[in-house]
Engineer: 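Sharing a structure below in structure tokens format, with a few things to ask.
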Amino acid sequence: MKVIIAEKPSVARDIAAIVGASSRKDGYMEGNGYAVTWVFGHLVGLAMPEQYGITGFQRENLPILPAEFKLIPRQVKDGKEYKNDPGVMKQLKVIKELFGKCDRIIVATDAGREGCLIFRYIYHYLECSKPFDRLWISSLTDKAIREGLQNLRPGSDYDNLYLSAKARSQADWAVGLNSSQALSISAGYGVWSLGRVQTPTLAMICSRYLENKDFKPQTYFQIKLHTAKDATQFAVLSNERYGTKQDADTILERIRSEESVSVINVETKQGSQEPPLLYDLTTLQKEANSRHSFSADKTLSVAQSLYEAKLISYPRTGSRYISDDVFAEIPALIGQLSAYTPFGGYAKSLSGQVLNKRSVNDKKVTDHHALIITENMPNDISADQRIIYDMIAARMLEAFSGKCTKENTSVSLDAAGVAFTVKGSVILVPGWRAVLNAPDDEKGEDDAPVLPTLYNGDTLPINGTDLLEKQTKPRPLHTESSLLSAMETCGRELTDEAEREALKESGIGTPATRASIIETLFSREYIVREKKSLAPTNKGLVVYLAVRDKKIADVSMTGEWESALNKIAVGEMDADTFHRGIEMYAAQITAELLETKIEGGNKRESCPCPKCKNAQVTIYQKVAKCNNEDCGLTVFRNKSGKDLTDGQIKDLLAKGKTGVIKGFKSKENKPFDAAVAFDSEFKTVFSFPPRTGNMKKRK
């Protein structure tokens, strides 16, 4: 019997249907000599310090650098402790029994770095030694699964990819755990989170935010002149910017004394613009954020659902190219879009044409090729799925279309000795831009006017002038789109597509993990969304200011680590060498952070704990909590619709009771007054004041 292990039950069902495993069992499907089982994410991971006999955050325990990392099943919190996830334990038992019965294993987890890690951690945790092969496919269509099963690859072909994934996992553990504990100890309150990729990403957001807020705009003036030729009106701008209104007014009066403006030089160039490359995940996330305000995480989630619905290829790809054998399928895919309403007309016009091969390069295809549609057409899909599917379909049509040919004109003019310039652009052959009638959003040429035919020496009338008061502007706050670009290219803002591609290997994170890194910053309450922009919270700024001069916030160094992991994956670097370097760094950053002092954050004040008597209760923004985890005393600030003040919380902690507080609201929304007190178990209760005055008896 062969066991096939997939990454999700839905994928397992698709594979089971292909191999004829139709008998449903508890945790797997069986039939035709196969058992098809599944995982759901990381069932097994690296053990936490408690498994090495290290508890709490203690200065003397740091750095924690295990000689050999232990693997344990996924944990869930049960009260104050963590225990094995019962659902995980049940599935691991099923997998262990199947591994014990089988002759060979077929690994069908997602075909990428993390998919390899998910299987190998389970394989090693269960101490399995059965031989295994790898199913490596780029889509979940029946055709792709059948072809993949006929072309299984030896599991050993992916040893280096596993070593890269393992090195990433252990590096994140060593750096993240030690730095987080060190900063928390140094702060003396709260739990602070740092990470190998998380912290430099936060640094990019915070540094841009501070740069933006500290920017002092400078006022300047430009002169706008209106003219015309052959009934075509257009405006030109002065080349020079004037620092004061007085200077600008002087020049403006000089120009107004003239009746005409002269054409000094006309340059007309015909240029062509290649179509964009196909989408990889990061480019799809960036454009979905810019066009539709989708978060990176939402785009990945929607794309994953389209992949599992067999409508697109594997989304967690870092490549924008396809191989020659995949290119052979493109004409048929374009042909099927002829029947797809949004692009049917254009797809028909492309049918039979010589296709542009800019996105075809075998050497630039990584683990998976670029995102394309499959032979299955969408029917009943959600509005969000339709948006992402249409983006991928449109980009596929654009990528294989002809160049866009344009005529760009630059005109220099003179009025009273003042130089003016205007640029115009005309699209001669739309080429790939005809798919969506897309403007040139990188260069802003869609705003360029259509100019009349101009010649050197032309004299044109001055039909009016305006004095424009402008201000210099800071670089805008990061959006998810611009942040993804910065993560991809180690913080360098590149608009040139070729330059971005060249630096992708040294980016931070991977296409598959960047969305989760951004979401982690939200969950840690380090950043918030301000419309489309990303801004740090006070807590996020406190962390950044504490570590901004440390290597853990260094974007380029983290990029070098990611580059090293890529080299491990292709056998160009030794994983042990990388890990030794990470251990040295973890020890260094731990020592640095233990000497760091945190100022601000969510800390308010602290008081002796009335419950355990030997620790401090720290007053935070929403809660007051004892620093002794075994004590667990917790006071939530909001009581029945009213927030307690710091002074009231201090009274409660010191005296066991506050004074009478006015303005609480009952469940029926009726106001009442009461004191807040501790009961015998240090739970908060309301204490009502005694009624005053004597009720007079009615006669």
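All residue numbers refer to positions in the sequence shown, counting from 1.
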Engineer: State whether the number of non-hydrogen atoms from other residues, nucleotides or ligands found under 6.0 Å of E60 atom CD is greater than 12.
Structural biologist: yes
Engineer: Looking at V197 and G509, what are the two nearest heavy atoms and their distance?
Structural biologist: CG1-N, 3.9 Å
Engineer: Distance check, rounded to the nearest 0.5 Å: N178 atom CG versus L194 atom CG?
Structural biologist: 11.0 Å
Engineer: Work out which heavy atom in A486 is nearest to a heavy atom in M204; give both atom names and the distance.
Structural biologist: CB-SD, 3.6 Å
Engineer: Who are the salt bridge (Lys or Arg N to Asp or Glu O under 4.0 Å) partners of K642, not counting sequence neighbours?
Structural biologist: none
Engineer: Determine yes or no for a side-chain-to-main-chain donor-acceptor pair under 3.5 angstrom, with D78 supplying the side chain and Y82 the backbone.
Structural biologist: no
Engineer: Tell me which one of I72, V44, L126 satisfies side-chain contact (heavy atoms from CB on, under 4.5 Å) with Y121.
Structural biologist: V44
Engineer: If you look at every heavy atom in P474 and N212, which pair is closest and at what distance?
Structural biologist: CG-ND2, 3.6 Å
Engineer: At what distance, to the nearest 0.5 angstrom, does CD of E488 lie from OG1 of T282?
Structural biologist: 5.0 Å
Engineer: Distance alone, cut at 3.5 Å: any donor-acceptor contact between the side chains of S319 and K364?
Structural biologist: no
Engineer: Hey, can you pull the donor-acceptor pairs under 3.5 Å for the side chains in residues 567-586, sequence neighbours left out?
Structural biologist:
unit_1	atom_1	unit_2	atom_2	d
D574	OD2	D576	N	3.3
D574	OD2	T577	N	3.0
D574	OD2	T577	OG1	3.1
T577	OG1	R580	NH2	3.4
H579	NE2	E583	OE2	3.4
Y585	OH	I552	N	2.6

Engineer: Is the centre of the Y162 ring less than 6.0 Å from the centre of the Y158 ring?
Structural biologist: no
Engineer: Does any pair with a residue in residues 110-120 pass side-chain hydrogen bond (donor to acceptor under 3.5 Å, both in side chains), and if so which ones, sequence neighbours excluded?
Structural biologist: H42-E114, R113-E562, E114-R168, R120-D159
Engineer: Taking T489 for the side chain and S485 for the main chain, is one N or O donor matched with an acceptor at less than 3.5 Å?
Structural biologist: yes
Engineer: So which atom in L281 and which in P511 form the shortest heavy-atom distance, rounded to 0.1 Å?
Structural biologist: CD2-O, 2.9 Å
Engineer: Does W561 use its side chain to pair, donor to acceptor, with the backbone of S556 at less than 3.5 Å?
Structural biologist: no
Engineer: Roughly how far, to the nearest 0.5 Å, is the CG atom of L183 from the CZ atom of F57?
Structural biologist: 10.5 Å
Engineer: Looking only at heavy atoms, what is the nearest atom pair of R196 and A171, with distance?
Structural biologist: CD-CB, 4.1 Å
Engineer: Looking at R134 and D157, is there a salt bridge between them, counting it only when a charged N and a carboxylate O are closer than 4.0 Å?
Structural biologist: no
Engineer: Any donor-acceptor pair under 3.5 Å linking the side chain of T283 with the backbone of Y279?
Structural biologist: no
Engineer: First locate atom CD of Q181, then atom OG1 of T590, and finally report the distance between them rounded to the nearest 0.5 Å.
Structural biologist: 9.0 Å
Engineer: Any non-hydrogen side-chain atom of I185 less than 4.5 Å from a side-chain atom of L62?
Structural biologist: yes
Engineer: Can any side-chain N or O of S533 pair as donor or acceptor with the backbone N or O of T479 at less than 3.5 Å?
Structural biologist: no
Engineer: Between L92 and Y125, is any pair of side-chain heavy atoms under 4.5 Å apart?
Structural biologist: yes
Engineer: What donor-acceptor contacts under 3.5 angstrom involve side-chain atoms of residues 650-658, with partners at least two apart or in another chain?
Structural biologist:
unit_1	atom_1	unit_2	atom_2	d
K650	NZ	E605	OE1	3.1
K650	NZ	E605	OE2	3.3
K657	NZ	S687	OG	3.3
T658	OG1	V676	N	2.9

Engineer: Counting only N and O atoms by type, is there a donor-acceptor contact under 3.5 Å from the side chain of T684 to the main-chain atoms of F678?
Structural biologist: no
Engineer: Does T37 reach the main-chain N or O of I95 with its side chain, forming a donor-acceptor pair under 3.5 Å?
Structural biologist: no
Engineer: Both conditions, 6.0 Å and 45 degrees, for the charged tip of K96 above the ring of F99: are they met here?
Structural biologist: no
Engineer: Between R514 and Q285, is any side-chain donor less than 3.5 angstrom from a side-chain acceptor?
Structural biologist: no
Engineer: Hey, what do you get for CG (L633) to CD (E681), rounding to the nearest 0.5 Å?
Structural biologist: 12.5 Å
Engineer: Which atoms form the tightest heavy-atom contact between H478 and S482, and what is the distance?
Structural biologist: ND1-OG, 2.8 Å
Engineer: For F215, look at atom CZ and say whether over 12 heavy atoms of other residues, nucleotides or ligands are found less than 6.0 Å away.
Structural biologist: yes
Engineer: State, with a plain yes or no, whether a side-chain heavy atom of L300 is found less than 4.5 Å away from one of R316.
Structural biologist: yes
Engineer: Partners of K611 by salt bridge (Lys or Arg N to Asp or Glu O under 4.0 Å), sequence neighbours excluded?
Structural biologist: none
Engineer: Give a yes-or-no answer on whether the side chains of Q75 and D85 include a donor-acceptor pair shorter than 3.5 Å.
Structural biologist: no
Engineer: Taking it one step at a time, do F119 and F132 satisfy ring pair (Phe, Tyr, Trp, His ring centres under 6.0 Å)?
Structural biologist: CA-CA 11 Å; F119 166 72; F132 60 89; 5.0 Å; yes
Engineer: S301 side chain to K298 main-chain N or O, any donor-acceptor pair under 3.5 Å?
Structural biologist: no
Engineer: So, using side-chain hydrogen bond (donor to acceptor under 3.5 Å, both in side chains) as the criterion, who are the partners of E211 when residues are at least two apart?
Structural biologist: R475
Engineer: Answer whether the closest heavy-atom distance between the side chains of D280 and L371 falls below 4.5 Å.
Structural biologist: no
Engineer: Quiz question: by atom type and distance under 3.5 Å, do the side chains of S290 and S481 form a donor-acceptor pair?
Structural biologist: yes
Engineer: Going by heavy atoms in the side chains, are W192 and R524 under 4.5 Å from each other?
Structural biologist: no
Engineer: Using modelled atom types and a 3.5 Å cut-off, is there a donor and acceptor pairing between side-chain atoms of S305 and backbone atoms of V302?
Structural biologist: yes
Engineer: So does F636 have more than 12 non-hydrogen atoms from other groups sitting under 6.0 Å from CZ?
Structural biologist: no
Engineer: How many angstroms lie between atom NE2 of H292 and atom CD1 of I388, to the nearest 0.5 angstrom?
Structural biologist: 6.5 Å
Engineer: Does a donor on one side chain and an acceptor on the other come within less than 3.5 Å for T513 and T510?
Structural biologist: yes
Engineer: Output, in order, the C-alpha distance, side-chain angles, deciding distance and verdict of salt bridge (charged side-chain N to carboxylate O under 4.0 Å, His left out) for R637 and D643.
Structural biologist: CA-CA 5 Å; R637 189 181 288 271; D643 283 346; 6.0 Å; no
Engineer: Hey, does S169 have a side-chain heavy atom less than 4.5 Å from the side chain of L46?
Structural biologist: yes
Engineer: Quick one: does any side-chain atom of Q91 pair with a main-chain N or O of W38 as donor and acceptor, under 3.5 Å?
Structural biologist: yes
